[in-house]
Amino acid sequence: MPGLTVVCLCDGVKFGQLCNGNPTNSRRTSDRWGQGHYGARRGNREHKGLDIKCSDGSAVYAPFDVTLNGRAIPYGDPNKAAIDNGINLRGKGLCFKLFYVSPDRTSGSVRKGQRIGTMLPMQSVYPGITSHVHVQMCDRSNPTRYF
């Protein structure tokens, strides 16, 4: 239809603080394991998320009012069991996942800034990596504009 404008409810949405100790959501840049930006090379595939720095054991917070929609399992690999956990979330018109987080619970609603889990021990699986929460949109689109 000519003149039709589609507006996403998520236009202008910005993530609040995800991790204790990182109030500005600074991103993982480059380390011996690679880079943390969306589209970074991972061997023969592309990284489909954005890595936000978070120290092992830190509290992880809701970036805005969200609904918790169950676990998100990044690998399903027993060799990575120490960090193979996460959570599915919805809020502000967005559907996204946070990987490497042990959720406090996996259902219900949470307000912006409330604790939703604990950062898992990335160093036990990837020694020397910049520990981080991996933010991945449910449709695997680029989440960078929300930060």
Side-chain angles (χ1 to χ4, degrees), residues 8-147:
C8 176
L9 294 175
C10 54
D11 286 346
V13 171
K14 294 294 180 200
F15 274 59
Q17 181 178 356
L18 277 179
C19 187
N20 185 44
N22 185 2
T24 61
N25 286 331
S26 62
R27 303 171 195 173
R28 172 180 171 230
T29 53
S30 184
D31 57 39
R32 67 180 252 189
W33 293 97
Q35 298 181 342
H37 65 273
Y38 182 87
R41 297 303 310 160
R42 295 283 191 274
N44 61 355
R45 63 179 179 84
E46 283 187 354
H47 184 236
K48 293 296 184 182
L50 179 66
D51 296 341
I52 303 299
K53 292 179 188 177
C54 190
S55 298
D56 292 3
S58 293
V60 177
Y61 307 119
F64 36 79
D65 294 354
V66 295
T67 301
L68 309 174
N69 289 312
R71 290 195 189 282
I73 305 300
Y75 300 113
D77 179 346
N79 295 320
K80 297 177 181 173
I83 61 170
D84 201 15
N85 207 349
I87 190 160
N88 292 299
L89 305 108
R90 286 190 182 276
K92 299 280 187 185
L94 301 176
C95 176
F96 61 100
K97 303 172 184 193
L98 300 179
F99 292 160
Y100 318 130
V101 175
S102 175
D104 291 342
R105 58 191 175 117
T106 57
S107 64
S109 296
V110 180
R111 306 287 290 172
K112 177 181 179 175
Q114 283 187 295
R115 178 190 155 106
I116 57 174
T118 304
M119 177 66 199
L120 291 167
M122 288 204 82
Q123 298 304 314
S124 68
V125 176
Y126 297 110
I129 198 167
T130 303
S131 293
H132 61 275
V133 172
H134 173 92
V135 180
Q136 182 172 302
M137 305 310 291
C138 294
D139 65 2
R140 298 173 65 91
S141 63
N142 188 343
T144 305
R145 69 181 177 147
Y146 304 115
F147 285 87

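The structure presented is a predicted model; accordingly, all values stated were derived computationally and were not measured.
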Got a second to check how far [X]'s [atom1] is from [Y]'s [atom2], nearest 0.5 Å?
X	Y	atom1	atom2	result
H134	L50	NE2	CG	8.5 Å
C54	N20	SG	CG	8.0 Å
D65	R90	CG	CZ	16.0 Å
L89	T67	CG	OG1	8.5 Å
S58	M119	OG	CE	8.0 Å
D104	T118	CG	OG1	5.5 Å

Give a yes or no answer on whether the side chain of [X] reaches the backbone of [Y] with a donor-acceptor pair at less than 3.5 Å.
X	Y	result
D31	I129	no
H47	R42	no
Y38	R140	yes
N25	G16	yes
R27	T29	no
K112	V66	no
D84	G76	yes

Only one of Y100, W33, F99 clears ring-ring contact (aromatic ring centres under 6.0 Å, His included) with H132; which?
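That would be Y100.
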F96 and ring-ring contact (aromatic ring centres under 6.0 Å, His included): which partner among Y146, F64, F147?
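The single option meeting the ring-ring contact (aromatic ring centres under 6.0 Å, His included) with F96 is F64.
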Please check if the number of heavy atoms outside K48 that lie under 6.0 Å from its NZ is greater than 12.
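Check passes, neighbour count above 12.
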Would you say that [X] contacts [Y] through its side chain, given a criterion of any heavy-atom pair below 4.5 Å between the two side chains?
X	Y	answer
E46	R41	yes
R71	P103	yes
T130	D51	no
S131	Q123	yes
V101	L120	no

What closest approach, in Å, do [X] and [Y] show between heavy atoms, and which atom pair accounts for it?
X	Y	answer
V125	A82	CG2-CB, 4.1 Å
V110	A62	CG1-CB, 3.9 Å
N79	D77	N-OD1, 2.8 Å
N85	S102	ND2-CA, 4.1 Å
R115	A59	NH1-CB, 3.7 Å

Going through the distances and angles, do L68 and R105 end up as a side-chain contact (heavy atoms from CB on, under 4.5 Å)?
CA-CA 8 Å; L68 309 174; R105 58 191 175 117; 3.8 Å; yes
Using the rule given for side-chain contact (heavy atoms from CB on, under 4.5 Å), can you reason through V135 versus L98, listing the C-alpha separation, both sets of side-chain angles and the distance that settles it, and then say yes or no?
CA-CA 5 Å; V135 180; L98 300 179; 3.7 Å; yes
Working for side-chain contact (heavy atoms from CB on, under 4.5 Å), residues Y126 and K80
CA-CA 9 Å; Y126 297 110; K80 297 177 181 173; 3.1 Å; yes
